[in-house]
Student: 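Mind looking over this structure? Questions follow.
Note on naming: letters A, B, ... go to the chains in the order of the sequence lines (proteins, then strands), and numbering restarts at 1 for each one.
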Amino acid sequence: MINRASQLFLPTLRDDPADAEATSHKLLVRGGFVRQVSAGLWTFLPLGWRVHRKVERIIREEMDAIGSQEMFAPVLTPAELWEKTGRHGIPELFKLKDRSGRDFILPLSHEETFTFHAAELQSYKQLPQLWYHMQTKDRDEPRPSGGLIRVREFIMKDSYSFDIDEAGLDKSFELNREAYVRIFERCGVETFAVQAESGIMGGNESRDFLAPSGSGGNTLVTCENGDYAADLEIAHGVPRAPDFPPPLDAPEEIETPGVTTIEALAALLSVDEAATSKAMPHTKSDGTVVLALVRGDDRLEEAKLLAAVGADVRPSTEDEIRGAFGADPGSLGPVGFKGEVIADETLRDGQFVAGANRTDWHLKGVEQGRDFEARFVDLRVPKEGDRCPNCGGALQFQTAIEVGHIFKLGTKYSEPLGARVLDEDGNERPIVMGSYGIGPGRIMAAAVEQHHDENGIIWPRELAPYDAHVVALPGAEAIAEQAAEVLSAAGYDVLLDDRDARAGEKFADADLIGCPIRITAGKKSLEDGKVDFKDRATGEESRLDVADLGKEQ
RNA sequence: CGGGACGUAGCUCAGCCUGGUUAGAGCGCUGCGUUUGGGACGCAGAGGCCGACAGUUCGAAUCUGUCCGUCCCGACCA
């Protein structure tokens, strides 16, 4: 197949767009792959759509290979379905009405719709089932950003598995996990499958596929020895040991006028920040106050606290704090506090400085067990310098794009939507479900983030908009045509640059667009009746006979 | 939702602080000519409701207010 640049809508740009920050955003816009319509809303131009479809094709092949069945569900969805599962209140959900006032939503995933269809299943004999579709999703993102990285409307491949029990789900989950690994491999995108937060999907277990990149909404934590990978939100790190002062037999009160920060406290007492504790009171949805306690040099991970508390929490207001502690923020601590104390693991051993629950006073030598009781969990945000929880190796942090996310949902959707089947014993049981999402647009962005140089994109072979970019220079149009024909006959998709433009311009566009190989026909190669070959990734060049094209490259 | 920045030609930007007749540059675009292996050159052109509205003023791209839009940081986030 041959496309001619002279007839394509391929608006390449010389300058970076002013509103772009992420590399993939800049290059996809400059290369004429995508254009923004509004914040988080993008049109895929002809080349961008070709790449998108190549990603889709890979996904389809791998889904079909594990026996997943493709179908197609509507975007517009009656609100009742989402009311039944309790997801109607999600703030990101676009809501609308039809002319008679009936409520609809634009879904951000299709659990409800697919479970609605699964309700038609009747017997365990019909299970397992694995269904998928590729469909538009809408999310009223508070802050779209990074080009294709975070958008308000996008196409997602989402799959749903239906099993009779947990063991079946485990199998379906594993099947999909393996398929995902193959998909990312074929797309040339390096990913890490990590334990992740389940977010608004709910469910028991989930695994996130994170692609390291220059930009992105997630932080990937990995061990230098390769035995640990996690999303920062749930990652564990082992921090350095504190430099403790000599222990005390009992806590000692010390006046700390006007000292409300850890830095000031540590400086005033000449003590290691890591030997202090930080009290962060939170209020549960039922109004009770719990105290989250982390080491002075650490930050609290709200998501971990949320999981530990098992209820909605928010930072307490100053009034609530005074009510519960009898002191101002800045002088709070666990000693004497009547509510629950949830402390980070790092505070288990040693004596720490803590607030005295008396404004402008702190306590030295506070020790858990002796001076207060607490429940110990991991609450801190890992940071640079932490060691691996498995092997003690150095942890590394890098920004990443979440390109896929798979969940064990259990019966979270099948129960409320009445998707039940009869088991072998004739008992009605809710179907055990999993869901598996992947974003082709994000895969494109991640591929560009991972494969580019100062001149443009270097597409992985399976994603490139064309397999070969043939550049026709003046006087060599005929041989360029011939080269394109030969490549096309060999099964290559070819972009033939037949525009009336200067050589430099064509080369610059070819580098920017990033097809794996470039074939140039011009005066130089014409002398011996050949064409010039250039590998986009390596820069390697050679002169070839037209007849040999498409054979070895 | 909190903080910040920006909005002038298709793109990237100057002009605004210190208001003054016809609003500029580079790139891109059209025509003609010369050029032609890494974004050429000359000549001639087209292209703007200066984000919107309201105010101040004899006069507003420029000052004030409100709104809208876009981006960045945070909150949030399949």
Student: Quick one: label A:Ala508 by what it contacts on the DNA or RNA (base, sugar-phosphate, nothing), any heavy atom closer than 4.0 Å.
Tutor: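 It contacts base atoms.
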Student: Any strand counts, and the cut-off is 3.5 Å on both contacts for Watson-Crick or G-U wobble. Which nucleotide pairs with B:G65?
Tutor: B:C53
Student: Distance criterion of 3.5 Å, no angle test: do you see the side chain of A:Arg518 paired donor-to-acceptor with the base of B:G38?
Tutor: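 Yes, a donor-acceptor pair under 3.5 Å.
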Student: Could you tell me whether the side chains of A:Thr115 and A:Tyr160 share a donor-acceptor contact shorter than 3.5 Å?
Tutor: no
Student: When you measure from the centre of the six-membered ring of A:Phe533, is the NZ or CZ of A:Arg518 under 6.0 Å away and within 45° of the axis?
Tutor: no
Student: B:G47 and B:A23: how far apart are their P atoms, nearest whole angstrom?
Tutor: 13 Å
Student: Do A:Ser525 and A:Asp532 have side-chain N/O donor and acceptor atoms under 3.5 Å apart?
Tutor: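 No, no side-chain donor-acceptor pair sits under 3.5 Å.
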Student: Nearest whole angstrom, please: distance from the P of B:C76 to the CG of A:Leu232.
Tutor: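 So the two atoms are 13 Å apart, to the nearest Å.
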Student: Rounded to whole angstrom units, what separation is found between the CZ atom of A:Arg499 and the C1' atom of B:U36?
Tutor: 15 Å
Student: Is there a donor and acceptor pair closer than 3.5 Å between the side chain of A:Lys534 and the base of B:G38?
Tutor: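 Side chain to base: pair found, below 3.5 Å.
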Student: Say we look at B:A5 and B:C41: how far apart would their P atoms be, to the nearest angstrom?
Tutor: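 Taking atom P in both B:A5 and B:C41, they lie 39 Å apart.
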Student: Given B:U70, B:C73, B:G37, which nucleotide is nearest the side-chain atoms of A:Arg143?
Tutor: B:C73
Student: Is A:Pro17 touching bases, backbone alone, or none of the nucleic acid, heavy atoms closer than 4.0 Å?
Tutor: sugar-phosphate
Student: Sticking with atom C1', work out how far B:G48 lies from B:A52, rounded to a whole angstrom.
Tutor: 16 Å
Student: Verify the distance criterion only: is there a donor paired with an acceptor across the side chains of A:Trp131 and A:Gln129 at less than 3.5 Å?
Tutor: yes
Student: On a whole-Å scale, what distance lies between the P atoms belonging to B:G51 and B:G7?
Tutor: 8 Å
Student: A:Asp511 near the nucleic acid: base, sugar-phosphate alone, or nothing, with a heavy-atom cut-off under 4.0 Å?
Tutor: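 Answer is base: heavy atoms of A:Asp511 come under 4.0 Å of a base.
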Student: For atom P, what is the distance between B:C67 and B:C1, given to the nearest Å?
Tutor: 12 Å
Student: Partner of B:U70 by Watson-Crick or G-U wobble geometry, both contacts under 3.5 Å, or none?
Tutor: B:A5
Student: Kindly point out which of B:C77, B:U35, B:A75 is positioned nearest to the side chain of A:Pro142?
Tutor: B:A75
Student: Can you identify which nucleotide, out of B:U35, B:G37, B:G38, has its nearest atom closest to the A:Arg502 side chain?
Tutor: B:U35
Student: Using the C1' atom on both, measure B:G2 against B:C49 and round to a whole Å.
Tutor: 35 Å
Student: For A:Lys157 and A:Ser159, does a side-chain donor sit closer than 3.5 Å to a side-chain acceptor?
Tutor: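 There is such a pair (donor and acceptor under 3.5 Å, judged by atom type) between the side chains of A:Lys157 and A:Ser159.
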Student: When rounded to the nearest Å, what value does the distance between P atoms of B:C53 and B:C68 take?
Tutor: 15 Å
Student: What's the gap between B:A61 and B:A14 when it is taken at their C1' atoms, as a whole Å value?
Tutor: 12 Å
Student: How many Å lie between NZ on A:Lys523 and P on B:G37, as a whole number?
Tutor: 6 Å
Student: Under 3.5 Å, is there an N or O donor on one side and an acceptor on the other linking the side chain of A:Ser38 and the base of B:G69?
Tutor: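 Such a pair does not exist between side chain and base.
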Student: Under a 3.5 Å cut-off for both contacts, is B:C16 paired Watson-Crick or G-U wobble with anything, and if yes, with which nucleotide?
Tutor: none
Student: Counting side-chain heavy atoms from C-beta on, which of B:U70, B:U12, B:C77 comes nearest to A:Asp19?
Tutor: B:U70
Student: Just compare B:C71, B:C77, B:C72 and give me whichever is closest to any side-chain atom of A:Ser145.
Tutor: B:C72
Student: Under 4.0 Å, counting only non-hydrogen atoms across every strand here, what does A:Lys137 touch: a base, just sugar-phosphate, or nothing?
Tutor: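 If one applies the 4.0 Å heavy-atom cut-off, A:Lys137 turns out to touch a base.
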Student: What is the distance from CZ of A:Arg30 to P of B:C27, rounded to the nearest Å?
Tutor: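 Result: 17 Å.
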Student: Hey, do the aromatic rings of A:His52 and A:Phe33 have their centres closer than 6.0 Å?
Tutor: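 They do not qualify: ring centres at least 6.0 Å apart.
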Student: Which base, if any, makes a Watson-Crick or G-U wobble pair with B:A40, both distances under 3.5 Å?
Tutor: B:U34
Student: Heavy-atom nearest nucleotide on RNA chain B for A:Ala503 versus A:Phe154: which residue maps closer to 5'?
Tutor: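 The residue closer to the strand's 5' end, by nearest nucleotide, is A:Ala503.
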Student: Choosing from B:G38, B:U36, B:C71, which nucleotide comes nearest the side chain of A:Phe507?
Tutor: B:G38
Student: Aromatic ring centroids of A:Trp42 and A:His25 under 6.0 Å?
Tutor: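 Close enough - the centres of the two rings lie under 6.0 Å apart.
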